[in-house]
Amino acid sequence: APLMTGSEIGSAYGIVGKETDMERAQQMLDELSYANGAPSLLLLKDFDDISDNRDFSILPSNSISFVPREQIIDETKRRIFFHGLLVRLATIVAIAKGPKKGKVVKLFEPLESRCKNVLSFLSSQPISSDSWINVAKLLAEAIIVINSGFPKTEEADSLKMREARVIILVGKARDCVKDLLSTEWEPDVVGKVIPDSLISIFAIFRMTASIFALFGWGKRKRREIVGALADFALTLRSLLDSMLSSFDRIVNVSDEFPEHNDVLDSNEWSNVCRTIEQSRGTMKTRIGNILAAISEELASFKYDR
């Protein structure tokens with residue numbers, strides 16, 4: 001499915017932190033029981049018996065570098081994590097209730113069980129050094145704390161206590177994004193990170209912002225917790241600027257490969273160079289549109305202290 005339709009991210013498919021998330025999440029959950037449907041990542045847990053059915057004899061081993069089986073499994077586990085977390089969070093945001101007269105509402109079913117399910121899901125994940133995954137975990141935990149006060153602490157649960165805990169979590173998430181600012185981004189890496197991590201993080205950020213608004217912490221309010229989310233948004237926006245600037249370092253194909261080889265004549269080589277240039281230009285435009293759409297929304301969270 002396309003990441004963008006027009007100027008809207010995820011307008012056709014996917015969970016992207018919008019009102020349509022619950023409908024899409026419910027459809028995904030319903031499809032788990034379809035006997036004739038394709039296997040769902042949400043049900044995949046054991047990788048030991050998964051076979052590698054690629055035919056390595058098609059090409060000589062020295063002509064292509066095949067992706068190792070372990071890398072494919074690691075990338076699949078990553079998708080399972082984000083996919084499972086987004087579906088679970090969407091079911092929480094859909095039924096969340098804000099405070100009444102400055103006090104949190106009594107926890108109710110199915111909100112309680114759904115919050116516990118997310119905590120169980122997060123606790124089952126291995127410790128990761130991946131900043132993207134850690135950002136997702138921290139923002140997800142913030143959503144759980146706001147809605148339920150879970151995990152319980154020794155101090156009495158209150159809206160003020162939840163707010164203080166969430167400020168810390170969002171701050172840690174911002175620090176994880178800061179760690180990514182030192183990355184030397186390359187265009188091919190940016191193109192992979194957008195669907196693998198960025199869109200999911202942006203969706204969870206939107207969910208967090210909607211819960212903040214539900215609890216009276218909208219982005220126009222002047223509160224410390226609102227400033228914490230604004231700091232996260234603007235730090236993520238700086239990261240997007242860094243990603244986009246990677247395309248400015250792309251050199252012309254003719255400069256990168258100034259001499260054509262013996263296989264192609266000068267006209268054929270010119271056509272090859274022109275095709276590659278057009279492809280790179282199209283890639284920059286498409287990625288630029290996605291980053292610009294996210295950046296514009298993040299900029300709306302600017303907080304004047």
Side-chain angles (χ1 to χ4, degrees), residues 8-11 13-34 40-43 80-125 135-153 156-167 169-170 173 199-219 221 223 225-226 228-229 232 297 301:
E8 178 62 26
I9 293 175
S11 58
Y13 300 97
I15 296 175
V16 291
K18 304 285 275 189
E19 294 79 6
T20 54
D21 283 353
M22 182 58 197
E23 179 182 348
R24 293 171 178 175
Q26 188 61 58
Q27 181 180 359
M28 293 176 189
L29 293 172
D30 291 342
E31 290 173 351
L32 295 180
S33 59
Y34 290 176
S40 171
L41 285 178
L42 293 176
L43 298 177
I80 291 173
F81 167 75
F82 279 116
H83 189 55
L85 186 58
L86 286 171
V87 170
R88 287 171 169 86
L89 291 178
T91 65
I92 290 174
V93 174
I95 61 172
K97 291 186 178 181
K100 292 183 178 180
K101 298 180 180 180
K103 296 182 179 180
V104 294
V105 297
K106 184 178 179 181
L107 201 55
F108 60 92
E109 287 293 347
L111 181 61
E112 180 175 356
S113 59
R114 291 180 183 181
C115 287
K116 288 181 177 178
N117 181 269
V118 171
L119 287 178
S120 176
F121 177 75
L122 292 176
S123 64
S124 69
Q125 304 301 314
V135 169
K137 288 179 177 179
L138 288 162
L139 291 183
E141 190 174 342
I143 290 175
I144 300 307
V145 170
I146 296 172
N147 282 285
S148 66
F150 295 151
K152 295 298 184 180
T153 64
D157 184 32
S158 67
L159 188 60
K160 183 178 180 180
M161 180 55 60
R162 293 185 187 184
E163 185 174 349
R165 292 170 63 187
V166 169
I167 289 173
L169 290 168
V170 174
I199 296 297
S200 296
I201 294 298
F202 183 53
I204 299 173
F205 167 79
R206 277 177 163 176
M207 293 180 187
T208 307
S210 68
I211 294 295
F212 272 37
L214 182 65
F215 274 67
W217 307 325
K219 57 186 176 182
K221 298 294 180 68
R223 297 178 67 98
I225 192 169
V226 178
L229 191 64
F232 173 88
E297 188 164 335
F301 285 82

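Numbering starts at 1 and runs along the sequence shown.
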**OP:** To the nearest 0.5 angstrom, please state how far the CE atom of M161 sits from the CD atom of E163.
**Re:** 11.0 Å
**OP:** Can you run down the salt bridge (charged side-chain N to carboxylate O under 4.0 Å, His left out) pairs that involve residues 102-121, sequence neighbours left out, and say none if there aren't any?
**Re:** E112-K116
**OP:** Could you tell me which residues satisfy ring-ring contact (aromatic ring centres under 6.0 Å, His included) with F212, sequence neighbours excluded, listed by chain and number?
**Re:** W217
Original post:
Measuring from M22:CE to I15:CD1, what's the distance to the nearest 0.5 Å?
Top reply: 9.5 Å
Subject >> For L122 against A140, the heavy-atom pair lying closest together >> reply: CD1-CB, 4.2 Å
Original post:
What do the steps show when you test F205 against V135 for side chain to side chain contact (heavy atoms under 4.5 Å, CB included), and what is the final call?
Top reply: CA-CA 10 Å; F205 167 79; V135 169; over 6 Å; no
Original post:
Which pair of heavy atoms, one from G17 and one from M207, lies closest together, and at what distance?
Top reply: CA-CG, 4.1 Å
Subject >> Worked check of side chain to side chain contact (heavy atoms under 4.5 Å, CB included) between T208 and I204 >> reply: CA-CA 6 Å; T208 307; I204 299 173; 4.3 Å; yes
Original post:
If you look only at pairs with a residue in residues 204-219, which of them pass as a salt bridge (charged side-chain N to carboxylate O under 4.0 Å, His left out), with sequence neighbours excluded?
Top reply: R206-E297
**OP:** Could you tell me the separation between the OG atom of S148 and the CD1 atom of I143, rounded to the nearest 0.5 Å?
**Re:** 11.0 Å
**OP:** Taking side chain to side chain donor-acceptor pair (under 3.5 Å) as the test, write out the residues that go with E19, two or more places apart.
**Re:** none
**OP:** Compare every heavy atom of F215 with every heavy atom of P99, then report the nearest pair and how far apart it is.
**Re:** CD-CD2, 3.5 Å
Subject >> Minimum-distance pair of heavy atoms, taken over all atoms of I211 and A96 >> reply: CD1-CB, 3.6 Å
**OP:** To the nearest 0.5 angstrom, please state how far the CD atom of E141 sits from the SG atom of C115.
**Re:** 11.5 Å
**OP:** Without swapping roles, check the side chain of R223 against the backbone of G218 for a donor-acceptor pair under 3.5 Å.
**Re:** no
**OP:** Search all heavy atoms of L119 against all heavy atoms of P151 and return the closest pair with its distance.
**Re:** CD1-N, 4.0 Å
Subject >> Positive for side-chain contact (heavy atoms from CB on, under 4.5 Å) with R162, one of I146, V145, I167 >> reply: V145
Taking only distance into account, with no hydrogens and no angle test, what donor-acceptor pairs under 3.5 Å do side-chain atoms of residues 80-94 form with protein atoms, sequence neighbours excluded?
residue: R88; atom: NE; partner: N117; partner atom: OD1; Å: 2.7
residue: R88; atom: NH1; partner: G84; partner atom: O; Å: 3.2
residue: T91; atom: OG1; partner: R88; partner atom: O; Å: 2.6

**OP:** Can you sort out the partners of F202 under ring-ring contact (aromatic ring centres under 6.0 Å, His included), two or more places apart, ordered by chain and number?
**Re:** none
**OP:** Mind listing the closest non-hydrogen atom pair of A142 and V170 along with its distance?
**Re:** CB-CG2, 4.5 Å
**OP:** For residues L32 and M28, determine if any side-chain heavy atom of one lies less than 4.5 Å from a side-chain heavy atom of the other.
**Re:** no
